[in-house]
J.: 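Take this structure first; my questions come after.
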Protein chains: 2
Amino acid sequence: MTVQMSEDDPAEAILARVHARGGAPTIYDIAELAGVNPSTVSRALGKPGRISAATAAKVRAAAERLDFRVNPMARALQTGKTKMIGLVLADITNPVVFGIVRGAEHAAAEAGYTLVIAESQESGENEAEAIERLLPSVDALVLATTRLAASAITGIAEHKPVILMNRAVDGIRSVLPDVEAGIIELLDHLAGLGHRSVAFLAGPDSSWISARRWSTILAAAVARDMAIVEIGPNAPTIAGGRAALPRVRAAQVSAVIAYNDLMAIGLMQEAASVGIPIPDRLSVTGFDDIFGSELISPPLTTVGADLAAAGRQAVERLLDPEDAQPAPLPTQLIVRGSTGPAPRA
Amino acid sequence: MTVQMSEDDPAEAILARVHARGGAPTIYDIAELAGVNPSTVSRALGKPGRISAATAAKVRAAAERLDFRVNPMARALQTGKTKMIGLVLADITNPVVFGIVRGAEHAAAEAGYTLVIAESQESGENEAEAIERLLPSVDALVLATTRLAASAITGIAEHKPVILMNRAVDGIRSVLPDVEAGIIELLDHLAGLGHRSVAFLAGPDSSWISARRWSTILAAAVARDMAIVEIGPNAPTIAGGRAALPRVRAAQVSAVIAYNDLMAIGLMQEAASVGIPIPDRLSVTGFDDIFGSELISPPLTTVGADLAAAGRQAVERLLDPEDAQPAPLPTQLIVRGSTGPAPRA
DNA sequence: TTGTATGCGTTATCAC
DNA sequence: GTGATAACGCATACAA
């Protein structure tokens with residue numbers, strides 16, 4: 001019966017006991033197997049240099065043998081750090097967030113953090129609730145396009161590190177696109193095509209970035225002696241874009257700058273359905289360069305930003321104790337088929 | 001100095017102490033303020049009926065006053081339940097996942113759970129790593145279109161409840177679309193348009209659902225006396241679809257069923273770039289009805305599924321102890337412009 | 001109904 | 001370098 005050594009194998013015995021109590025192996029189990037104190041196990045696994053190579057090896061072997069994984073809850077209880085980062089989104093189904101989520105998830109994973117996400121569905125109430133729910137479990141929070149009042153945000157920031165995306169609040173860090181650069185390019189592009197009268201299709205009233213874009217567009221248009229009007233507020237969705245067409249027609253402009261690609265797409269769809277040719281009768285542009293913008297016909301001219309880079313930057317900065325506000329993320333005009341020469345009056 | 005009562009307010013004193021130690025209020029703080037034992041606080045907050053209405057009210061008031069929130073880590077350590085659900089995705093930027101994530105997040109939030117997500121980037125190694133990282137912190141796991149070996153999945157399921165999306169493994173629960181129904185509709189549609197020779201653009205070799213779709217299509221095509229060929233494997237992306245065009249042309253079929261919408265879109269883009277008119281020379285269809293499918297020109301005929309419902313069902317079933325495998329999720333053919341009459345030979 | 005005592009698994013603070 | 005022990009915040013079996 002020489003094969004039966006497994007019964008004498010101390011590891012097997014411990015494993016059996018672990019299984020019996022229906023849990024996972026702990027540092028006590030490892031300590032027993034390795035013949036050391038639990039605290040030594042903790043150190044061997046957690047602090048590289050502070051233990052002799054020999055015992056470290058023993059411990060590691062035992063841990064491997066028992067398939068040990070630290071209990072993140074127990075660690076968090078002791079250290080106060082959960083190694084989790086919360087990401088609060090207004091609307092998961094808006095393609096802009098894909099890139100943000102991916103960038104954030106990667107940066108988090110690289111730093112050994114886990115990303116937990118919550119969606120507010122464009123509702124301030126849901127958002128407050130979601131944050132409330134997330135806050136105790138995370139070490140830090142990314143608030144993307146939040147609708148919260150500045151005071152609420154400041155309040156949260158007193159508890160945990162917070163970073164804002166697409167919004168600025170005094171005293172809170174934020175990752176922002178370089179709106180200026182892309183908008184200058186865009187207006188030069190439109191001016192070059194002969195457009196003299198342009199509308200900005202605004203996003204929701206609560207959108208900080210929409211207001212920011214509008215004021216930049218306003219200044220740039222005035223500087224170029226173009227007529228500019230703001231139409232809004234609108235829902236930042238395809239439906240919002242569709243619903244805005246009548247007001248766009250009424251404004252008798254030759255070009256429309258939508259607050260985001262979704263609205264631009266909706267506007268184009270509605271225009272197509274009533275027989276307005278784009279770009280021949282109306283030029284349309286958006287922001288973000290989401291998935292779908294180059295799919296639509298004609299493909300959308302838009303001011304793109306690297307959303308994945310934005311998501312990545314958000315969590316990297318959150319994790320960096322000596323983080324300084326960096327330059328805004330570059331944006332660039334992507335000229336496609338939805339803009340063309342202004343129709344002759 | 002009557003206004004100075006705050007200094008005598010016991011709540012203020014406790015709050016100050018809490019702030020000084022730099023943490024959050026605990027049930028001990030509440031207990032002190034309410035003049036009861038910590039365990040009573042725990043019960044009052046956790047078990048509705050088991051406490052007298054009077055003390056329950058006292059405790060609640062104190063908790064409110066101190067802005068108390070239970071520490072999820074401490075609770076998890078004691079109960080073994082983290083109230084978190086892990087969602088592992090192959091590719092966050094694939095639009096199919098939007099719906100899944102939204103449905104899963106909502107179902108989780110409704111049940112008081114938090115959704116934590118990880119992305120494997122279509123790599124089995126990353127996936128194993130991500131699961132490894134998530135496993136200790138979650139109560140249950142949703143594996144969406146996983147590439148893991150069946151044995152690995154079974155191994156995970158021994159530790160925590162697992163549910164699969166778009167894949168079936170013996171002994172593991174799964175949420176599956178009713179592939180059959182949609183495919184029957186699709187082939188009837190193509191047959192009605194006169195298509196006699198069709199190709200299936202397969203997904204990756206490791207995709208269970210691709211194999212499932214292929215075998216169903218094969219049987220349905222044979223039953224209709226249509227010629228059918230499988231072309232693949234292909235990357236389940238736009239690039240994968242584009243790259244497949246030469247093989248599609250070589251096959252001299254009049255219609256292509258792509259494994260998913262992304263591939264169908266890629267194929268159409270490539271066809272457009274070499275001047276093949278769709279659907280006049282070639283009909284193209286996909287699966288999933290992702291965002292973008294109706295945007296592209298011509299809009300894509302596809303077998304759609306309610307992805308949000310799928311995501312929702314996944315976490316609801318995960319949380320339901322007496323869950324029985326329900327009927328597969330309904331799918332339906334969505335006829336748009338990318339399919340048309342077969343060209344006359 | 002409420003209080004007492006203990007344990008969850010880990011890290012941190014002491015000793016030695 | 002390593003061991004013993006306390007502490008993190010909460011839940012629960014047991015007493016009262």
Side-chain angles (χ1 to χ4, degrees), chain A residues 14 17-18 21-60 62-63 66-84 112 135-137 139 159, chain B residues 14 17-18 20-60 62-63 66-83 112 135-137 139 159:
Chain A
I14 293 175
R17 192 189 56 202
V18 168
R21 72 165 183 252
T26 74
I27 56 171
Y28 288 89
D29 300 313
I30 301 184
E32 183 180 340
L33 182 54
V36 298
N37 190 279
S39 63
T40 302
V41 173
S42 175
R43 281 184 289 245
L45 265 28
K47 325 263 193 221
R50 305 182 59 80
I51 226 83
S52 88
T55 45
K58 263 197 315 194
V59 168
R60 246 188 295 279
L66 299 184
D67 193 24
F68 169 81
R69 288 188 271 275
V70 300
N71 180 325
M73 307 304 151
R75 168 178 284 170
L77 183 57
Q78 168 64 24
T79 62
K81 264 77 192 69
T82 65
K83 289 280 187 178
M84 297 200 282
L135 208 51
S137 340
D139 290 342
H159 296 295
Chain B
I14 293 176
R17 193 189 54 200
V18 167
R21 74 164 181 251
T26 73
I27 56 171
Y28 289 89
D29 299 314
I30 300 185
E32 183 180 340
L33 181 55
V36 298
N37 189 280
S39 65
T40 302
V41 174
S42 174
R43 282 184 288 247
L45 266 27
K47 325 265 192 220
R50 304 182 58 81
I51 226 80
S52 89
T55 45
K58 262 196 318 193
V59 168
R60 248 188 295 279
L66 299 184
D67 192 26
F68 170 81
R69 288 187 272 275
V70 300
N71 180 326
M73 307 305 150
R75 169 177 283 170
L77 184 56
Q78 168 64 23
T79 62
K81 264 77 192 69
T82 64
K83 291 278 189 178
L135 208 49
S137 343
D139 290 342
H159 297 295

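A quick note: this is a predicted structure, and the numbers were derived from the prediction, not measured. Per chain, numbering begins at 1; letters A, B, ... match sequence-line order.
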J.: Tell me what B:Val41 touches on the nucleic acid: a base, only sugar-phosphate, or nothing, going by heavy atoms under 4.0 Å.
T.: nothing
J.: Counting side-chain heavy atoms from C-beta on, which of D:dG3, D:dG9, D:dT12 comes nearest to B:Ser42?
T.: D:dT12
J.: Got a donor-acceptor contact below 3.5 angstrom from the B:Asp139 side chain to the B:Lys81 backbone?
T.: no
J.: Nearest heavy atom decides the nucleotide; on that basis, is B:Arg75 or A:Ser39 closer to the 5' end of DNA chain D?
T.: A:Ser39
J.: Report the C-alpha distance between B:Thr82 and B:Arg75 in whole Å, list the side-chain angles of each, state the deciding distance to 0.1 Å, and finish with yes or no for side chain to side chain contact (heavy atoms under 4.5 Å, CB included).
T.: CA-CA 8 Å; B:Thr82 64; B:Arg75 169 177 283 170; over 6 Å; no
J.: Quick check on DNA chain D: between B:Met73 and B:Arg43, whose nearest nucleotide comes earlier from the 5' end?
T.: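 Final value for this comparison: B:Met73.
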J.: Is the closest side-chain heavy-atom distance between A:Leu66 and A:Val18 below 4.5 Å?
T.: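 No, side chains not in contact.
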J.: Once hydrogens and angles are ignored, does a donor-acceptor distance under 3.5 Å link the base of D:dA11 to the side chain of B:Thr79?
T.: no
J.: Using only side-chain N and O atoms of B:Asn71, determine if any of them is under 4.0 Å from OP1 or OP2 of D:dC10.
T.: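 Result: no.
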J.: To the nearest angstrom, how far is B:Asn37 atom CG from D:dA16 atom P?
T.: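 To the nearest whole Å, that distance equals 15 Å.
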J.: Which nucleotide span of DNA chain C, 5' end to 3' end, has atoms closer than 4.0 Å to non-hydrogen atoms of chain B?
T.: C:dT1 to C:dG9
J.: Could you give the CD-to-C1' distance, from A:Glu32 to D:dG3, as a whole number of Å?
T.: 16 Å
J.: Given atom NZ of A:Lys81 and atom C1' of D:dC8, what is their separation to the nearest angstrom?
T.: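 The answer, rounded to whole Å, is 14 Å.
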J.: Report which part of the nucleic acid A:Ile27 touches: base, sugar-phosphate, or nothing (heavy-atom distance under 4.0 Å, all strands).
T.: base
J.: For A:Leu77, report the nucleic acid contact type (base, sugar-phosphate, nothing); a contact means any heavy atom under 4.0 Å.
T.: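 If one applies the 4.0 Å heavy-atom cut-off, A:Leu77 turns out to touch a base.
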J.: Passes side chain to side chain contact (heavy atoms under 4.5 Å, CB included), A:Met84 versus B:Met73? Steps please.
T.: CA-CA 12 Å; A:Met84 297 200 282; B:Met73 307 305 150; 3.7 Å; yes
J.: With nearest nucleotide decided by heavy atoms, which residue, A:Tyr28 or B:Ala54, maps closer to the 5′ end of DNA chain C?
T.: B:Ala54
J.: Nearest whole Å is fine: how far is D:dT12 C1' from B:Arg50 CZ?
T.: 10 Å
J.: Is it the case that over 12 heavy atoms from other parts of the model lie below 6.0 angstrom from the CZ atom of B:Arg69?
T.: yes
J.: Less than 3.5 Å apart, which donor and acceptor atoms pair up between the side chains of residues 41-54 of chain B and the rest of the protein, not counting sequence neighbours?
T.:
from: B:Arg43; atom 1: NH2; to: B:Ser39; atom 2: OG; distance (Å): 3.1
from: B:Ser52; atom 1: OG; to: B:Thr55; atom 2: N; distance (Å): 3.2
from: B:Ser52; atom 1: OG; to: B:Thr55; atom 2: OG1; distance (Å): 2.8

J.: If you take all heavy atoms of A:Pro25 and A:Phe68, which pair is closest and at what distance?
T.: O-CD1, 3.3 Å
J.: Given atom NZ of B:Lys47 and atom C1' of D:dT12, what is their separation to the nearest angstrom?
T.: 8 Å
